[in-house]
Structure formats: C-alpha cells, structure tokens
Participant: 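Before I ask anything, let me first share the structure, which is written out below as structure tokens.
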Protein chains: 2
Amino acid sequence: MKTISLAIIEDNDIIQESLSTFLGGDPQFDLQLTAVSVEEFLSAVGGNPMLSPAVVLLDIQLPGMSGIEGIPHIKKLLPEVSIIMLTTFIESEKIFAALCAGACSYLAKSVSLLNIRDAIITVSQGGSYMSPGIARKVVEYFTPKTNKIDSPLTARQLEIVQCIVDGLSYKMVALRLNISLDTVRTHIKNIYQILEINSKGELIRKSLNREV
Amino acid sequence: MKTISLAIIEDNDIIQESLSTFLGGDPQFDLQLTAVSVEEFLSAVGGNPMLSPAVVLLDIQLPGMSGIEGIPHIKKLLPEVSIIMLTTFIESEKIFAALCAGACSYLAKSVSLLNIRDAIITVSQGGSYMSPGIARKVVEYFTPKTNKIDSPLTARQLEIVQCIVDGLSYKMVALRLNISLDTVRTHIKNIYQILEINSKGELIRKSLNREV
DNA sequence: TCCTCCATCCCATCAACATGTGATTGCCGG
DNA sequence: CCGGCAATCACATGTTGATGGGATGGAGGA
C-alpha cells in the first residue's frame, strides 16, 4: 500500500490536533502539512514544490477565505488533488456549493476518526465517500419535482418542449416533427398557458430543472 | 429497533434467493414479497393494501419494464417508499436516470450482503448509501468543467448571464441591473462572441452545464 | 503618458417569438 | 351521437432577440 500524502486545513486547534495526531500517526498516511487558513496553505504549497498532497481535508469555516471559496484556488495550484470537506453543518446550500466548486467528498465533523480515515482511503482510490445524510441531500437534488408520469403536459407537448430545449427554433421544430410552423406556435402557446410562463427562457429553465 | 418492511424485485433466481435468504432471516427486516418484474410487483401491491414495503430493492435489468422505467410507477403506488437500485453495471447514464426517476440509493451487485443490509438500514433512516465508485460519478456531475475563477467572461458578464438564466427578458435584466436595454444587448453580443454561440437557449444550457 | 479592456450607451435592421382569434379533424367516454 | 379534448393549420399584430455599426469615460498596465 502506497502512503497517501495529506494536508489539513483547519483553524480549530483541538480538531486540528486530533486529526494530525490520528492521521499523522498512521503509517499509511504522509501528513505533509497543516494550515489554519487557505491563504496559509496556498503560500506554503506555492513556495515549496515538494509539497503536493494528494488529499486535502478542508474545513468550511475558516478565517479569511472560506473553504468553499478556497477550493478553486487549491485546485488551480494542485489540479489533481482530492478535496474532502469537513463541516459541522449539513446545509444543502453549502454542500452543493462545495461540490460545484470541485470538492469530491463531504463529511460531517461528527463522524468518527475511523470514518475520516476510510474516506481518505476511498477518495485516494478514486472513489467518493459521503455521510448518509449528505448523500441523501445530494440524491434529492436529482429527484424530479414533477414526475414524468403525471406531467401536466401531453406527450406531444413534451416533444415540443424537448425540441426547444435542444436549441431548435420554431421553424426547425416544425421541420423535425413534420408539422407546420403555426402548429408549433399553437403548442407553445398552450404550454405557456399550462405552465404559467411566457418566454422561451423560462421554459428551458423549468425543463432543465425538471419542473415539467 | 422497529422492523423494516422490504420488497425485492429481481429476476435472477440465484441472486433473489441469496437476498431473500439473507434478508428474510434477519429479524430486523420484514420481507413482505419478492417479484421477478415490476409488473408483478405492481399488481401484487396494487391488489393487496396490506403490502406496503418501506424499502424496495430493485434490479435494473428486468424482463418487461426496466427497473428505471418502473420507479415512477412504484412511487405512484407507494409515494413514501425508498428505492435501492441494484445493478451489475456502473454507467453514469443509468445512475443518473435512476436517481432522476426517484431512486434514493444505488449499489453495485458486487457489494457484500452486509453492505446491502447497511444500505437498507441507512435508507430507512432517511439517509442514502452509495458505493464509492458511484458516489464519485455523482460528484463529478457537479464539478464544473470550467472554473469560475478563470471563466472567459467578466464579472459583469456573468451577472448578465445569471439574469438570463433566471428567465428574465433583456428589458427585465436592464431593470434589475439598472442599466439601459442597449447595454444589456451589447453585453449579450459580447458574451455570444466569446462563447461562440448565438442564442439564449444555448446560453442557458451552457450555463446550467457549468461550461461558463 | 498611451493604449487596451471594460462598462456604458445609441441607432438600425431583420429574424424570431408571443399572443389573439378562429377553424378542422379524429378519438374517447358518457 | 354528442361534447370535450388533443392535434393540426391559418392569419394578424406587436414585442423581443440577434447582430451590425459607432461612441464615451474610467481603471490599469506597459
């Protein structure tokens, strides 16, 4: 088993010490550095090419730049790094912000050190570890607000919507579906009424958000 | 610990037997029924109001309706059910299709029975369990292809894009940002040039796909 | 300082879209 | 067999969007 190079960014002394003692003492890890802020981490790593952790444990609440804001900067410096977020809060907003920024795992701080160790190993193997509550929130993100099976739109109308979302103009929709331009217009008109919208933009948004 | 009511939909005899023996023998589970197809499951549950599993283990490959197609139907019959997908394949496409349809957990069949048991317990507690490889694919879905930090667009242009994505018309964008309609037009013009696109539709799609 | 980039604004034109009113056909259920 | 609904098509009018010009002031780098 190759050792996994690590870094910890955490401003809370107690937690940092607890993590570094536990992880630093484990022979399968190589704890390269700890920092109390993203800024400190960046300048340390930027000033020393020998420092190149494979995995970074990153707190969300940090003095200065927040963990989430820091992700792009860390990724810019270390494109291949895997980032595990640590947080006390389970808020959808932060979870998605972190994932969107490029984090690859998200753990509540309440999990045990053993779980954190597992997460590091999983992540370094190209996997991803998420605590159950967080995973559930992620899954809910995908779940459609409206089920295709009882969409307010008819099958034909859904076809029209799909064409629009595909970026086609009315004229092209008419061509693709072999109907007249006016028919397309009528369909769109009805769809707008049903969905209570009045522009292509809103239609595309609703469709992409699976609200149809 | 309350017992967790279960159903298994799996057409492979060996796997089904292995699952039902293991799970059925566990006192914390109440294996209510097994089926070899979604159709069979639906008619069994539809015809007997006493059958109302809290968790369904659902294979993806099934005779007749596929597991993914079946999800909306199952959800319609049992809105509160938690669905755990079982599959031999780890394909992004299927994973997302299943999650979008309303599955709340996704496991490779290669995982151990113990893992499946854990997953059931996790799910019934409102969590979600995903094997590491699958979780990673889900996470990758969120990861932006382009980093905000080096977006080709200026901050102001990103604001404009956000407004458009929010479904606003040029006029409304102008109002919201307190600039003239013509300025909005100019910005959009520049954005289109930079992104090499030429319609609102493409802009919204790119933005939602985080390609900006 | 000069030059470039950005944000702001104006004008003009044509294609595309939003919306209303109205009509025909075919299917399904009462 | 009739009424309702989905799907089809038509015409008309005004609005919005895409794209081409060109112009100005300010912030910041060479």
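Fair warning: this is a prediction, and the values are worked out from it, not measured in the lab. Here is how names work: the chains are called A, B, and so on, in the same order as the sequence lines, proteins then strands, and each is numbered from 1.
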Participant: How long is the line joining CG of L177(A) and C1' of dC9(D), in whole Å?
Facilitator: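 These atoms are roughly 15 Å apart.
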Participant: Looking at R156(A) and E159(A), is there a salt bridge between them, counting it only when a charged N and a carboxylate O are closer than 4.0 Å?
Facilitator: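 Result for this pair is yes, salt bridge flagged.
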Participant: Show me the donor-acceptor pairs within less than 3.5 Å that the side chains of residues 39-63 of chain A make with the rest of the protein, sequence neighbours left out.
Facilitator:
residue	atom	partner	partner atom	Å
E39(A)	OE2	M65(A)	N	3.0
E40(A)	OE1	V36(A)	N	3.1
S43(A)	OG	E40(A)	O	3.1
N48(A)	OD1	M50(A)	N	2.9
D59(A)	OD1	K109(A)	NZ	3.2
D59(A)	OD2	K109(A)	NZ	3.4

Participant: Whether the side chain of S82(B) engages the backbone of S124(B) through a donor-acceptor N/O pair (distance < 3.5 Å, no angle test) should be reported.
Facilitator: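 Between the backbone of S124(B) and the side chain of S82(B) there is no qualifying donor-acceptor contact (under 3.5 Å).
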Participant: May I have the distance from N198(A) (atom CG) to dT19(C) (atom C1'), rounded to whole angstrom?
Facilitator: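 It works out to 10 Å between those atoms.
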Participant: How about N12(B) and Q16(B): does a side-chain donor come under 3.5 Å of a side-chain acceptor?
Facilitator: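 N12(B) vs Q16(B): no donor-acceptor pair found between side chains.
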Participant: Counting only heavy atoms and a strict 4.0 angstrom limit, can you tell me which residues of residues 180-195 of chain B come near DNA chain C?
Facilitator: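 Correct list: S180(B), D182(B), T183(B), T186(B), H187(B).
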Participant: Are the side chain of T21(A) and the backbone of E17(A) linked by a donor-acceptor contact shorter than 3.5 Å?
Facilitator: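 Present.
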Participant: In plain terms, say whether E202(B) and R205(B) are close enough for a salt bridge, that is, a side-chain N and a carboxylate O under 4.0 Å apart.
Facilitator: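 Not counted as a salt bridge, because no side-chain N and carboxylate O are separated by less than 4.0 Å.
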Participant: From CD1 of I204(B) over to P of dC17(C), roughly how many Å is that when rounded to an integer?
Facilitator: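 Answer to the nearest Å: 13 Å.
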Participant: Under 3.5 Å, side chain of S131(A) to main-chain N/O of G133(A), donor-acceptor pair present?
Facilitator: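 No; zero donor-acceptor contacts below 3.5 Å.
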Participant: Over 60° means perpendicular and under 30° means parallel, so tell me whether F96(A) and Y141(A) are parallel, tilted or perpendicular.
Facilitator: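 Correct class here is tilted.
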Participant: Indicate for each nucleotide in nucleotides 24-30 of chain D, in 5' to 3' sequence, whether protein heavy atoms under 4.0 Å reach the base (B), only the sugar-phosphate (S), or nothing (-).
Facilitator: -------
Participant: Between CG of N209(A) and CD1 of I204(A), what distance do you get to the nearest 0.5 Å?
Facilitator: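 CD1 of I204(A) is found 12.0 Å from CG of N209(A).
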Participant: To the nearest angstrom, how far is E159(A) atom CD from dA6(D) atom C1'?
Facilitator: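 It works out to 13 Å between those atoms.
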Participant: Rounding to a whole Å, what distance do you find between K200(B):NZ and dA16(C):C1'?
Facilitator: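 Computing the K200(B):NZ to dA16(C):C1' distance gives 12 Å.
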Participant: dA7(D), OP1 or OP2 - any side-chain N/O from T154(A) closer than 4.0 Å?
Facilitator: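 The answer is yes; a side-chain N or O of T154(A) sits under 4.0 Å from OP1 or OP2.
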Participant: Whole angstroms only, please: what is the CG-C1' distance between L153(B) and dC5(C)?
Facilitator: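 Result: 14 Å.
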Participant: From the list dT16(D), dT8(D), dT19(D), which nucleotide is the closest neighbour of the side chain of I179(A)?
Facilitator: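 Of the candidates, dT8(D) comes closest.
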Participant: When the distance from CG of N178(B) to P of dT8(C) is rounded to whole Å, what number comes out?
Facilitator: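 So the CG-P distance, N178(B) to dT8(C), works out to 10 Å.
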